[in-house]
Amino acid sequence: MHYSNENLIKEITDNGFILLPNILSKGEIVTLRKLIKNHFSSRGVSTILGLTQPNAAVEVPDINWIFYHPKILAVMRQLLGQEEIMFTSHCDLHCRTLSAWHKDDGMTVMKGGYFGFPTYDQEDCKVYKIALYLQDHDHNKAGLTVRKGSHKFSDINQGEETYLKTKAGDIIIFDVRLTHTGQRDVFPVDFLQKPNDLIKKGLKKILKISPQKSDQYLKQIYDTLYGDRLSIFFTYGFPNDYTKNFAINNMKRQIKQNKNSKLFLSMENRQKFIENNILLAEEYFEKLKK
Ligand SMILES: O=C(O)CCC(=O)C(=O)O
Ligand SMILES: [Fe+2]
């Protein structure tokens with residue numbers, strides 16, 4: 001890795017994110033795409049024009065190797081400044097979904113957010129999400145856009161907008177308090193915005209097709225041409241109360257979305273985490289049991 005410890009830590013502390021190129025191999029990306037496509041062929045939760053799978057560490061055991069991938073663990077340990085790091089059991093998989101500006105600290109999900117209170121001025125709050133897009137996003141705007149330094153502010157309009165041009169195999173790590181968005185437009189390329197608006201107006205006027213319906217059709221066309229947009233998001237943290245509270249409350253959100261109460265990793269995967277010397281937030285999930 002060409003980053004020094006200090007640079008990495010400074011970047012995530014100052015800007016709230018880092019982009020690390022070439023972490024996963026082509027073969028690993030192909031395997032992940034296959035596993036995730038296969039999963040979504042029969043499962044997943046419907047969202048805006050796509051599918052999502054919350055609690056994927058529990059729901060999709062076959063992808064667990066990515067959580068203890070040696071290169072990812074090495075970076076997380078560098079960033080958190082010690083060997084002891086905690087896996088939160090947060091993992092969402094996405095397929096073809098659209099997004100809008102938000103933070104992942106849960107402030108819009110529950111009172112006080114996942115931490116229980118606003119933490120924008122708390123330096124000990126070190127909960128970092130890994131974003132893995134399983135296709136290139138250097139030619140379109142369907143990857144991740146962030147607001148630089150916004151992990152320090154509650155206002156989601158604050159912070160300079162930065163689009164992160166990623167290639168499959170790159171990873172982004174960001175503070176869960178950072179304001180960010182995935183793909184916002186059905187056609188995620190600037191030069192198609194105007195034609196897209198015109199087509200939608202035409203479809204509404206001539207064929208009486210609602211903008212929502214035409215968005216659905218147009219998105220289907222785009223996805224067929226460019227392939228399914230797949231991504232994996234999962235979260236590690238410094239082993240303290242911020243990370244534990246994040247994990248517990250985020251798990252409440254995940255099982256609510258899945259409409260089930262599956263809280264725990266498989267024995268086999270749990271063992272793998274332990275072998276890799278990773279602390280597990282699921283140790284604190286007992287009280288979530290019904
Ligand atoms: O749709 C995306 O690419 C972003 C997803 C995201 O922000 C999330 O899972 O929290
Ligand atoms: Fe997010």
Side-chain angles (χ1 to χ4, degrees), residues 12 16-19 29 32-33 36 39-40 44-57 59-60 63 66-67 88-110 113-115 119 127-148 150-151 153-154 156 159 161-168 170-189 215 219 222-223 226-237 246-247 249-254 256-258:
I12 199 128
F17 68 93
I18 52 172
L19 195 172
I29 295 291
L32 285 170
R33 283 194 69 90
I36 293 174
H39 176 79
F40 281 124
V45 177
S46 292
T47 54
I48 334 176
L49 303 181
L51 287 167
T52 225
Q53 181 60 68
N55 203 14
E59 300 283 343
V60 196
I63 59 155
I66 194 66
F67 307 134
T88 62
S89 276
H90 160 263
C91 179
D92 291 306
L93 306 180
H94 301 298
C95 176
R96 300 190 300 267
T97 47
L98 290 183
S99 180
W101 286 109
H102 67 282
K103 291 176 181 289
D104 292 338
D105 61 357
M107 291 300 274
T108 54
V109 178
M110 57 179 75
Y114 303 139
F115 296 116
T119 56
V127 184
Y128 299 144
K129 190 170 275 199
I130 294 104
L132 244 169
Y133 287 97
L134 303 177
Q135 55 285 311
D136 296 345
H137 287 301
D138 52 344
H139 59 291
N140 63 24
K141 288 282 184 69
L144 197 71
T145 310
V146 300
R147 287 199 189 278
K148 224 176 191 172
S150 58
H151 56 309
F153 309 109
S154 60
I156 66 162
E161 185 174 325
T162 312
Y163 178 68
L164 304 179
K165 289 186 176 180
T166 44
K167 287 259 191 206
D170 299 352
I171 66 170
I172 301 160
I173 304 177
F174 63 97
D175 188 309
V176 295
R177 299 167 296 180
L178 191 78
T179 307
H180 61 280
T181 178
Q183 178 177 345
R184 278 171 290 173
D185 301 304
V186 168
F187 287 162
V189 273
D215 262 353
K219 187 148 190 314
Y222 187 86
D223 292 341
Y226 289 93
D228 283 340
R229 175 183 176 274
L230 304 175
S231 60
I232 309 177
F233 287 72
F234 58 97
T235 311
Y236 272 94
F246 173 91
N249 289 315
N250 188 271
M251 181 52 81
K252 285 185 196 162
R253 185 272 299 173
Q254 295 189 102
K256 189 171 170 197
Q257 260 183 297
N258 284 341

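Both ligands and their constituent atoms are indexed starting at 1 by order of listing. Numbers for residues simply follow the sequence, beginning at 1.
Around the Fe ion (ligand 2), the protein atoms of type N, O or S found under 2.8 Å away are H102 NE2, D104 OD1, D104 OD2, H180 NE2, listed by chain and number.
Remark: K148 pairs with N15, F17, E160, T162 by the side chain to side chain contact (heavy atoms under 4.5 Å, CB included) rule, at least two apart or across chains. In this structure, the side chain to side chain donor-acceptor pair (under 3.5 Å) partners of D228, at least two apart in sequence or on a different chain, are R96.
Between E161 and R184 there is a salt bridge, with a side-chain nitrogen of the basic residue lying less than 4.0 Å from a carboxylate oxygen of the acidic one. A salt bridge is defined here as a Lys NZ or Arg NE, NH1 or NH2 lying under 4.0 Å from an Asp or Glu carboxylate O, and R253 with D92 meets this definition.
For the pair P188/H137, no side-chain contact is recorded, criterion being any heavy-atom separation below 4.5 Å from C-beta on. Side-chain contact between Y133 and D170 is absent, with no heavy atoms from C-beta onward closer than 4.5 Å.
Of the N and O atoms on the side chains of D105 and H151, not one donor lies less than 3.5 Å from an acceptor on the other residue.
Using cut-offs of 30° and 60° for the angle between ring planes, the H180 and F174 rings count as tilted.
The two residues R147 and I156 make their nearest non-hydrogen contact at NE-O, 3.0 Å.
Listed as neighbours of ligand 1 are H94, S99, H102, D104, K129, Y133, H180, G182, R229, F233, each bearing a heavy atom under 4.0 Å from the ligand.
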